[in-house]
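Numbers for residues simply follow the sequence, beginning at 1.
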Amino acid sequence: LMVVFNVKRDFLGFLDRYKCRIVVMGNEEVDYDKYFSPTAQVDSFHFLTILAAQFGLETTHCDVGNAFLHSDKREKPVYCKFAPGMEVDGCKYGIIRTSVYGMHEASLSWYETSHAFLVSLGFRRSKVEPCLYVFRDARTLAFIAVAVDDYAIAHNNRDWYAKFFKAFSARFTVKDLGSLKLYLGVHVEWSEDKQEVSLTQERSIQDILERFGMKDCKPASTPHELGFDTSAVSSTNISPGFPYLSLIGALLWLARNTRPDIMQAVIELSRFSKNFTSYHVECLKRVVRYLKGTPKMGLVFRRDPSVGMIDNKLPLSLKLFTDSDWARCKATRRSTGGYVLSLYGCLLSAASKRFPTVALSTMEAEYMTLSEALRSLMHFRNIAKDFSDIFIIPDKLPVLCDNQSAIFVADNLVNNSRSKHIDIRYHYIREIIQEKLIELSHVPSELNVADIFTKPLTTDVFNRLRKEIMLND
């Protein structure tokens, strides 16, 4: 048992308060069972924020202080040794009967306690997203995304929220942080008419520039160079002394939250984390130089005036774009696929991925991308299905691809020399089409916004697609 000191800052980076916390050294814990605890996905936070912008919901932020200490008492006590200077009346050992920070099971114990409390207040949990909760009655509609001890709440009834917070604060030590402004490092800013919300991470970008000594670097127009060499690095190469993996992690966090425009570059450069050269370091620094020129840029969620409630229900307007770059990786000759999933015209989810197997044609690469991307689309469809009393799910959700051959193979039970070898996992799309859950259509390549997640682009094309997916100039 030991004490950890920390400094907490607000969303502008100014000192908020000093923190002191008693923790245990979990690496020395030997008696534990389950330890996995779910937390809200980034896409789930996007889902909640887009719904708030589209249907005029008010967003608030609650933070539970010392959350793990509020967990229900443990069935099995934990015996621990006090750190030097923490002895009580000369005693060096103690018994812990509740969850403490550092324990393997502490996070799961807190999640179960929080879940039981929310259910007791009438909330329902999604079966496919265990950290997304919904409350609905005759006058109230509320969504909660739970990330450990941070609660992002969107609701339409202030009287209900006052009662909810009263019950919440009576059970736990809770802070009402007011309107949602900073959530897990993401700065949330609403327009005056509440029709638009922007998600940015300017402070995180400034931290990266300072941390890696690039405050005075020259900005770049795009995050990735057109002729990037994807060839394998020699096994005898000695990587330069640069914190490559650390910078990759910091940039991936930005890409997943608010900067999908750097995702393709970061994902591709991350493949060289174990064996990189000075060339890869310069390419990675180019991503940072691009961020230096666009620190205030982020995702914008704007209300679509053509979509409104129908019979007090929310119509689900999802659209999926997919694209691929055949045999992009010179080292493995594997293809890179990408997709963009939008909700009411706002970016809900996006990804860039190199496939685990070689595709023998552009058709096969596009077909594999379709099947991979459909998993994200069906995930959010299943969330809406969990709350069918709140959402209206269209008969067929639109999926757009720029390869006619891939569309033909997906729509028809083709079994010829071009498709008979394709792994069965990628035929998932045929089952979805036969169940009439999606409508697969062709989109011209120049209008396919998923192209930005497959390869480096020229400045003009990159800027055009960036504006379309991020709704940000």
Determine the interplanar angle of the [X] and [Y] rings, folded into 0 to 90°, and report it as parallel if under 30°, tilted if 30 to 60°, perpendicular if over 60°.
X: His70; Y: Trp110; result: tilted
X: Phe164; Y: Phe123; result: perpendicular
X: Tyr111; Y: His115; result: parallel
X: Tyr161; Y: His155; result: parallel
X: Tyr183; Y: Phe45; result: parallel

Please determine which of Arg328, Lys455, Arg354 meets the salt bridge (Lys or Arg N to Asp or Glu O under 4.0 Å) test together with Glu268.
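So, applying the salt bridge (Lys or Arg N to Asp or Glu O under 4.0 Å) to Glu268 and each of Arg328, Lys455, Arg354, only Arg328 qualifies.
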For the residue pair [X] and [Y], establish whether any side-chain heavy-atom pair is separated by less than 4.5 Å.
X: Cys401; Y: Tyr367; answer: no
X: Tyr93; Y: Tyr79; answer: no
X: Val119; Y: Arg124; answer: no
X: Tyr339; Y: Leu320; answer: yes
X: Glu225; Y: Cys283; answer: yes
X: Phe68; Y: Ser107; answer: yes
X: Asn448; Y: Thr322; answer: no
X: Ser191; Y: Val197; answer: no

At what distance, to the nearest 0.5 angstrom, does [atom1] of [X] lie from [atom2] of [Y]?
X: Phe321; Y: Leu341; atom1: CZ; atom2: CG; answer: 10.5 Å
X: Phe168; Y: Cys62; atom1: CZ; atom2: SG; answer: 6.0 Å
X: Ile262; Y: Ile452; atom1: CD1; atom2: CD1; answer: 11.0 Å
X: Lys285; Y: Lys292; atom1: NZ; atom2: NZ; answer: 13.5 Å
X: Ser221; Y: Asp460; atom1: OG; atom2: CG; answer: 9.5 Å
X: Leu318; Y: Leu343; atom1: CG; atom2: CG; answer: 5.5 Å

- request: Locate the shortest heavy-atom distance separating Phe387 from Arg125; write the atom from each residue and the value.
  value: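 Shortest heavy-atom separation between Phe387 and Arg125 comes out as CZ-C, 4.0 Å.
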Where Leu209 and Cys217 come nearest, the two heavy atoms and their spacing: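 Taking Leu209 first and Cys217 second, the nearest heavy atoms are CD2-SG, 4.2 Å.
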Closer than 3.5 angstrom, by distance alone: can the side chain of [X] be matched with the main-chain N or O of [Y] as a donor-acceptor pair?
X: Arg334; Y: Ala359; answer: no
X: Asp176; Y: Phe165; answer: no
X: Gln54; Y: Val307; answer: yes
X: Arg289; Y: Lys218; answer: yes
X: Ser99; Y: Leu69; answer: no
X: Asp149; Y: Ala67; answer: no
X: Ser342; Y: Leu347; answer: no
X: Ser270; Y: Ile267; answer: yes
X: Asp63; Y: Asp150; answer: no
X: Asn237; Y: Val233; answer: no

Practice item. Using the side chain to side chain donor-acceptor pair (under 3.5 Å) rule, take Ser231 and Asp229 through it: C-alpha gap first, then chi angles, then the decisive distance, then the call. Key: CA-CA 6 Å; Ser231 301; Asp229 186 5; 2.7 Å; yes
Is there a donor-acceptor contact under 3.5 Å linking the side chains of [X] and [Y]?
X: Arg286; Y: Thr222; result: yes
X: Ser352; Y: Gln264; result: no
X: Arg259; Y: Thr294; result: yes
X: Tyr151; Y: Thr60; result: no
X: Thr277; Y: His280; result: yes
X: Asp386; Y: Ser126; result: yes
X: Asp451; Y: Thr454; result: yes
X: Asp261; Y: Tyr290; result: yes
X: Thr200; Y: Ser198; result: no
X: Ser246; Y: Arg211; result: yes

Using the side chain to side chain contact (heavy atoms under 4.5 Å, CB included) definition, which of the options Thr362, Thr369, Asn403 pairs with Ser324?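 Going through the options one by one, the only one that passes is Thr369.
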Give the C-alpha distance, both sets of side-chain angles, the deciding distance and a yes or no for side chain to side chain contact (heavy atoms under 4.5 Å, CB included) between Phe135 and Leu121.
CA-CA 9 Å; Phe135 177 87; Leu121 294 183; 6.0 Å; no
Problem - Phe36 and Leu108: CA distance, side-chain angles, deciding distance, side chain to side chain contact (heavy atoms under 4.5 Å, CB included) verdict - result: CA-CA 6 Å; Phe36 174 79; Leu108 176 60; over 6 Å; no
Salt bridge or not for [X] and [Y], using N-O below 4.0 Å?
X: Glu468; Y: Arg464; result: yes
X: Asp43; Y: Arg256; result: yes
X: Asp72; Y: Arg171; result: yes
X: Glu372; Y: Lys353; result: yes

Can you confirm whether [X] is buried at [atom1], in the sense that more than 12 heavy atoms of other residues, nucleotides or ligands lie under 6.0 Å from that atom?
X: Asp216; atom1: CG; answer: no
X: Lys92; atom1: NZ; answer: no
X: Arg17; atom1: CZ; answer: yes
X: Leu15; atom1: CG; answer: yes

task: Please confirm whether Phe55 and Tyr344 have ring centers closer than 6.0 angstrom.
output: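 Judged by ring-centre distance (under 6.0 Å), Phe55 and Tyr344 do meet the cut-off.
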field: Step-by-step side chain to side chain contact (heavy atoms under 4.5 Å, CB included) determination, Ile96 to Val24
entry: CA-CA 10 Å; Ile96 301 176; Val24 298; 3.7 Å; yes
Review point. Passes side chain to side chain contact (heavy atoms under 4.5 Å, CB included), Phe462 versus Thr459? Steps please.
Key: CA-CA 5 Å; Phe462 176 82; Thr459 302; 5.7 Å; no
